[in-house]
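Here the structure is laid out as structure tokens; the discussion comes afterwards.
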2 protein chains.
Amino acid sequence: METYEILTELLHNKKWKELKEILDEMNEQDIAELFMELEERDLTLVYRLLNKELAAEVFVNMEPEYQEQLIRAFSDTELREVLDELYVDDAVDLIEEMPATLVKRILKHTDPDTRKSINEILKYPEDSAGSIMTIEYVDLKRGMTVADAFTRIRRTGVDKETIYTCYVTDSKRKLKGYVTVKDLLLADENAEIREVMEDNVISVTTYEDKEVVADIFQKYDLVVLPVVDGENRLVGIITVDDAIDVLQEEITEDMELMAAITPTDKPYLKMGVFENFKKRIPWLMLLMVSATFTEKIITHFEGALTACVALTAFIPMLTGTCGNCGNQSSSTIIRGLSLGEIEFRDTLKVVFKEFLIALACGIALAVVNFAKLMIFDDSITWQMAMVISVTMICAVVFAKVVGSVLPVIAKKIGFDPAVMSSPFISTIVDAVTLLIYFAIASSVLNL
Amino acid sequence: METYEILTELLHNKKWKELKEILDEMNEQDIAELFMELEERDLTLVYRLLNKELAAEVFVNMEPEYQEQLIRAFSDTELREVLDELYVDDAVDLIEEMPATLVKRILKHTDPDTRKSINEILKYPEDSAGSIMTIEYVDLKRGMTVADAFTRIRRTGVDKETIYTCYVTDSKRKLKGYVTVKDLLLADENAEIREVMEDNVISVTTYEDKEVVADIFQKYDLVVLPVVDGENRLVGIITVDDAIDVLQEEITEDMELMAAITPTDKPYLKMGVFENFKKRIPWLMLLMVSATFTEKIITHFEGALTACVALTAFIPMLTGTCGNCGNQSSSTIIRGLSLGEIEFRDTLKVVFKEFLIALACGIALAVVNFAKLMIFDDSITWQMAMVISVTMICAVVFAKVVGSVLPVIAKKIGFDPAVMSSPFISTIVDAVTLLIYFAIASSVLNL
């Protein structure tokens with residue numbers, strides 16, 4: 001990266017002024033990424049060049065390990081300055097990442113009110129709406145005029161995460177509605193908020209699952225969503241950027257489950273070998289042991305195999321192809337379920353459709369395979385080729401039907417459908433494919 | 001769904017007034033979903049109960065097939081009313097979905113300016129930023145005062161998709177910067193825009209890939225992003241809700257590729273059996289044919305197998321387990337790449353890490369498998385068990401290394417890493433596992 005060279009250049013020639021000028025023109029996210037490339041000594045050095053506000057923004061955008069480095073290097077005043085600039089939800093994230101000793105120091109230097117709110121938020125369960133909300137919102141009363149509202153926004157807006165949607169609450173802080181700054185700008189100065197506000201407002205409770213929150217954002221194309229407590233009292237708001245992060249976590253989790261990995265929210269490169277091992281081995285073990293069925297099946301048909309060893313040659317091709325078929329179906333259905341495109345009531349429709357698709361695929365594969373064997377494989381009799389092709393059709397149909405129905409059932413009984421994916425499906429499909437294969441073989445070739 | 005019963009109830013008793021009252025209180029998205037449950041006749045009936053603005057919002061939120069039903073039922077005046085309320089980007093989406101005959105009629109009833117903009121946007125390639133942008137933004141000049149700005153926003157803001165970020169352009173419409181309504185509210189009435197505006201602004205060109213656009217939204221936590229032409233002239237904006245949709249499409253595409261399915265942006269239930277068949281069969285064929293290697297390998301070692309048929313029993317277990325191992329690695333790396341957590345320069349780090357993880361997994365699996373065979377499988381000699389366990393270790397290491405390195409290479413040479421996933425990997429892994437298995441077997445058991 002070019003800017004990197006320029007900056008280190010300036011840095012090592014101690015050209016602070018030029019350095020500062022460049023940084024002031026840059027985006028906080030870009031600065032953060034740049035800084036994370038620097039050595040610890042340099043990092044604290046250049047960080048101090050940033051003006052207070054920018055400094056905090058850059059700080060928020062850095063990985064925990066670098067934030068830790070900085071905090072250790074901060075004087076108490078510096079620390080307080082950064083903390084004052086942080087939104088409460090960012091402060092919470094920070095505290096969740098830092099070692100206990102630093103947490104003490106951080107809390108010591110946050111002003112009492114913020115500390116109180118931080119502790120409030122820390123109380124909510126990890127996956128709840130409460131844990132990702134921020135408490136910096138603008139609230140208005142129904143009796144205010146539009147002019148009053150603007151005065152309030154001007155006075156308190158500076159350190160609110162968003163001011164464009166203001167929430168209307170009553171004397172008991174109960175959520176009554178919302179009004180956008182757009183509405184306010186287009187309304188008459190003297191109109192009362194109760195006249196301009198929208199009173200049917202979508203909200204979630206603090207204990208709502210954050211994945212549900214993310215889905216609500218998408219369904220209603222929201223930019224911000226209010227969070228209320230059990231008594232419908234407004235306690236915070238969630239902004240779309242946090243919703244997108246939840247969405248991404250959710251998808252990573254699905255993909256990990258679909259690959260038979262126990263999900264974590266830690267990025268791959270940040271995890272040690274042993275951590276990765278622990279995430280992967282349980283499923284591998286489980287699947288390996290369940291593969292015992294395939295052993296038993298084959299041993300049971302050992303007679304047939306001795307009589308016609310050629311049968312063996314096609315086992316991996318058959319199990320592999322059918323595994324792929326099941327995988328196609330399960331992935332399609334799992335994704336459809338998580339996008340809400342497929343509901344439980346669609347089950348029959350889905351299974352029937354997959355049945356037809358499977359039939360089409362099975363026949364196509366069988367025909368091509370038959371032709372291939374007859375043309376290129378003169379050691380194979382046509383009866384033999386027939387056995388393989390018929391097995392193909394039956395096994396493919398089975399694979400696709402199972403692949404489509406298991407995720408739906410999993411969801412219905414409260415599991416994550418993603419568990420019913422490729423690895424799990426193919427373990428079942430392998431066994432059944434072999435059963436079909438040998439059953440047909442021994443009857444047709446009367447072994 | 002309860003509301004559904006209530007509404008159909010009112011509908012069939014022709015209680016229009018009550019019906020209208022309920023609908024006016026509901027969210028447009030919910031109304032849309034409710035309406036899509038109705039029969040065609042009822043749909044057009046209740047739709048006419050909605051007030052003009054709500055009607056358009058509901059219309060936008062409906063599936064194309066229902067939009068088509070409505071348009072066919074609309075009088076020219078009704079059609080014009082709806083079209084007047086649509087944002088240009090929604091109008092474009094509509095036109096892209098409707099049959100040619102309706103498109104003619106739609107364009108006939110959109111006012112000339114809008115028609116011009118629609119045609120502009122339709123010119124952009126399907127995956128470009130231009131194709132998902134809207135042209136309804138507020139633009140300001142540097143010479144304006146904050147007061148002027150508010151006047152302009154009040155005058156033109158009504159039908160802009162967002163007013164909260166206003167873009168500052170010069171006389172040649174070149175993008176010079178942006179200013180948020182928050183800045184404006186907190187600034188002095190008489191201050192000039194040039195004083196309050198932020199001049200380093202992130203923008204994309206009309207031809208930028210929309211997936212890149214989505215990534216930019218995430219990286220910088222944006223709510224809106226300006227789109228410029230080759231000469232940096234502002235031509236439109238993209239809002240976060242559209243960016244999220246792109247993100248979801250992108251992920252669905254990855255998941256489809258990872259399941260060896262040719263991606264489309266059509267939802268599963270909307271696709272016919274044959275369409276699905278066409279998306280799935282090419283990959284199945286390719287993979288089936290490549291599985292020919294496994295046949296050849298097994299045929300080549302037929303001698304060994306006749307000498308020791310028991311070997312066959314463990315083929316599916318070995319290929320299956322190793323396939324799962326490869327799948328774990330490839331999925332992890334593919335996701336890491338698409339989240340930008342893993343870069344090409346990390347390749348060596350990744351491969352080495354996967355090697356160690358593989359070693360750990362391989363040994364663990366081998367040990368358990370050996371024990372299992374020795375304890376429960378008295379037909380198996382300890383040499384035999386040894387062969388299987390050693391094969392396990394070697395093949396698992398191979399699977400995980402290949403599974404981690406192929407996606408990175410794919411990305412480097414400009415393919416979608418998702419192609420290098422489970423089905424493709426396991427086809428390779430199957431073959432190599434068999435080679436290792438037979439090689440070790442024939443030497444150890446000297447067959």
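Sequence lines set the chain letters: A, B, ... in the order given, protein chains first and strands last, and positions in each chain run from 1.
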### Query
Non-hydrogen atoms of chain B under 4.5 Å away: do they reach the side chain of A:Met392, the backbone, both or neither?
side chain
### Query
Do you know which of B:Lys353, B:Arg335, B:Glu354, B:Glu341 makes side-chain hydrogen bond (donor to acceptor under 3.5 Å, both in side chains) with A:Tyr268?
B:Glu354
### Contacts of A:Glu253 that satisfy side-chain hydrogen bond (donor to acceptor under 3.5 Å, both in side chains) - sequence neighbours left out
none
### Query
Could B:Glu33 and A:Lys219 be called an ion pair, given the rule that one side-chain N must be under 4.0 Å from one carboxylate O?
yes
### Query
How about B:Gln328 and A:Pro423: do any of their side-chain heavy atoms sit closer than 4.5 Å?
no
### Query
A:Lys400 versus chain B, heavy atoms under 4.5 Å apart: side chain, backbone, both or neither?
side chain
#### Entry: Portion of A:Val240 that has a non-hydrogen atom of chain B nearer than 4.5 angstrom
side chain
### Task
Would you mind checking which part of A:Gln248 comes under 4.5 Å of any heavy atom in chain B, side chain (CB onward), backbone (N, CA, C, O), both or neither?
both
#### Entry: Distance in Å, A:Thr292 OG1 paired with B:Lys372 NZ, rounded so as to fall on 0.5 Å steps
3.5 Å
### Query
Side chain, backbone, both or neither: which part of A:Ser330 has an atom under 4.5 Å from a heavy atom of chain B?
neither
### Query
Listed by chain and number, what are the side-chain hydrogen bond (donor to acceptor under 3.5 Å, both in side chains) partners of B:Asn327, not counting sequence neighbours?
B:Ser331
### Query
Under a 4.5 Å heavy-atom cut-off, does chain B meet the side chain of A:Val396, its backbone, both or neither?
neither
